Amino acid sequence: GRHALVTSGPTIEPIDPVRFIANRSSGKQGHAIAAELASRGARVTLVSGPVTLPSPPAVELVEVETARQMLEACEAALPAEIAVCAAAVADWHVKDAGTAKLKKQDGGPPPPIELAENPDILRRLSSHEARPDLVVGFAAETGNLRENAAAKLTRKGCDWILANDVAPDTGTFGGDDNEICLISGADETADECWERQSKTGVARALSARIIKHFS
Ligand code: C5P
């Protein structure tokens, strides 16, 4: 019966009306978390960037494209007791993305693309006046996993960081499996590391941990 807000997928940021900047997030982990929380009885709002996955049953799906739209949809979904930010939000958008298609000039230089910072949704939710009781983020790192994840926990102001290694040889980004450590503070001995398993398995483990937290 608790309300859970989950972000998932990539955001895409327009360059002009026909081109955009994107990333390789599949949405598999975020969608699996939304599905699992719903199956455990939560009321789930899933705010997702463009993915090819079907909507999990029994969740309210809000489809967005850009990080700014994702933030707006998340804030509109509050209040919620739980927020899990699993989306791979683009760090930047294109400043002054035009309404006309950029034209290639024969022999001319490529057009400059100026970037501007996107809002950090996890950080905003963590410091929101209607802050969810439990705010969970991900740290996808290719090195110094524990150190970077712990720094992220502090910087973002969330309660848990699910740290995962996305080095190319792990096949995690876009793949079906994930290996997670749940980090909840500076004390490394309190880390909870789960065996490498399917993203559905990770979603199950996280949901069980969330239920334990609230009980
Ligand atoms: O800073 P970094 O992108 O590594 O942080 C990852 C975590 O922060 C993820 O939980 C992601 O969903 C969230 N995030 C966000 N908004 C951003 C950037 C990241 O919610 N603009």
Side-chain angles (χ1 to χ4, degrees), residues 4-14 20-34 37 44-51 53 62-78 80 82-95 115-128 130-132 134-168 170 172-174 178-185 199 202-203 205-207 209-210:
L5 167 64
V6 181
T7 71
S8 185
T11 66
I12 63 170
E13 309 292 335
F20 56 82
I21 297 173
N23 65 63
R24 294 185 193 279
S25 168
S26 63
K28 284 178 187 164
Q29 187 62 84
H31 276 52
I33 291 167
L37 288 172
V44 178
T45 305
L46 173 61
V47 180
S48 179
V51 295
L53 301 171
V62 184
E63 293 175 294
V64 297
E65 292 196 337
T66 69
R68 289 162 292 169
Q69 290 167 359
M70 187 172 273
L71 174 64
E72 203 178 305
C74 287
E75 288 185 320
L78 294 177
I82 303 153
V84 181
C85 292
V89 183
D91 290 318
W92 306 283
H93 64 268
V94 176
K95 210 173 166 187
L115 300 174
E117 201 162 322
N118 268 335
D120 189 316
I121 298 162
L122 175 58
R123 200 171 184 163
R124 292 278 189 98
L125 292 175
S126 297
S127 60
H128 202 279
R131 185 195 197 277
L134 181 66
V135 182
V136 184
F138 274 80
E141 305 289 342
T142 53
N144 294 332
L145 189 58
R146 215 282 150 191
E147 198 180 320
N148 287 334
K152 202 158 284 184
L153 187 72
T154 310
R155 197 168 65 244
K156 308 264 189 177
C158 56
D159 302 300
W160 296 347
I161 282 279
L162 303 188
N164 61 345
D165 187 350
V166 293
T170 65
T172 300
F173 217 72
N178 211 348
E179 191 173 338
I180 293 285
C181 283
L182 189 159
I183 295 171
S184 52
K199 288 181 176 175
V202 168
L206 175 63
S207 300
R209 192 59 188 78
I210 289 173

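The shown structure was predicted, so the numbers you read here are calculated from the model rather than taken from an experiment. Note that ligands are numbered from 1 as they come in the structure, with each ligand's atoms numbered from 1 the same way.
Protein heavy atom at the shortest distance from atom 16 (N) of ligand 1 is I121 N, 3.0 Å. Remark: minimum distance from atom 18 (C) of ligand 1 to any protein heavy atom is reached at V89 CB, 3.8 Å. Looking only at heavy atoms of the protein, atom 21 (N) of ligand 1 is closest to P119 O, 2.8 Å. In terms of protein heavy-atom proximity, atom 9 (C) of ligand 1 is closest to F138 O, 3.3 Å. Closest protein heavy atom to atom 12 (O) of ligand 1: A87 O, 2.7 Å. Distance from atom 13 (C) of ligand 1 to its nearest protein heavy atom, with residue and atom name: L122 CB, 3.7 Å. When only non-hydrogen protein atoms are considered, atom 19 (C) of ligand 1 lies nearest to K156 NZ, 3.6 Å.
Those atoms of ligand 1 with a heavy atom of G137 less than 4.0 angstrom away are 10 (O).
Contact of the F20 side chain with the E65 side chain is not registered, since no non-hydrogen atoms from C-beta on lie closer than 4.5 Å. Between E13 and N118 there is a side-chain heavy-atom pair separated by less than 4.5 Å. In this structure the side chain of D159 never reaches within 4.5 angstrom of the side chain of V136, judged on heavy atoms. Using a 4.5 Å heavy-atom threshold, the side chains of L125 and C85 count as touching. Side-chain atoms of E179 and D165, non-hydrogen and from C-beta on, never get closer than 4.5 Å to each other.
Of the inter-residue distances, the one linking L153 atom CG with L162 atom CG reads 10.5 Å to the nearest 0.5 angstrom.
Here D120 has heavy atoms under 4.0 Å from ligand 1 in both its backbone and its side chain. Contacts between K152 and ligand 1, counted as non-hydrogen atom pairs separated by less than 4.0 Å, involve the side chain only.
Side-chain atoms of Q29 and N164 form no donor-acceptor pair, as typed in the model, at a separation below 3.5 Å.
Under a 3.5 Å cut-off, the side chain of T7 and the backbone N or O of A86 do form a donor-acceptor pair.
Backbone and side-chain nitrogen or oxygen atoms of C85 are examined, and one is located within less than 3.5 angstrom of a nitrogen or oxygen of ligand 1.
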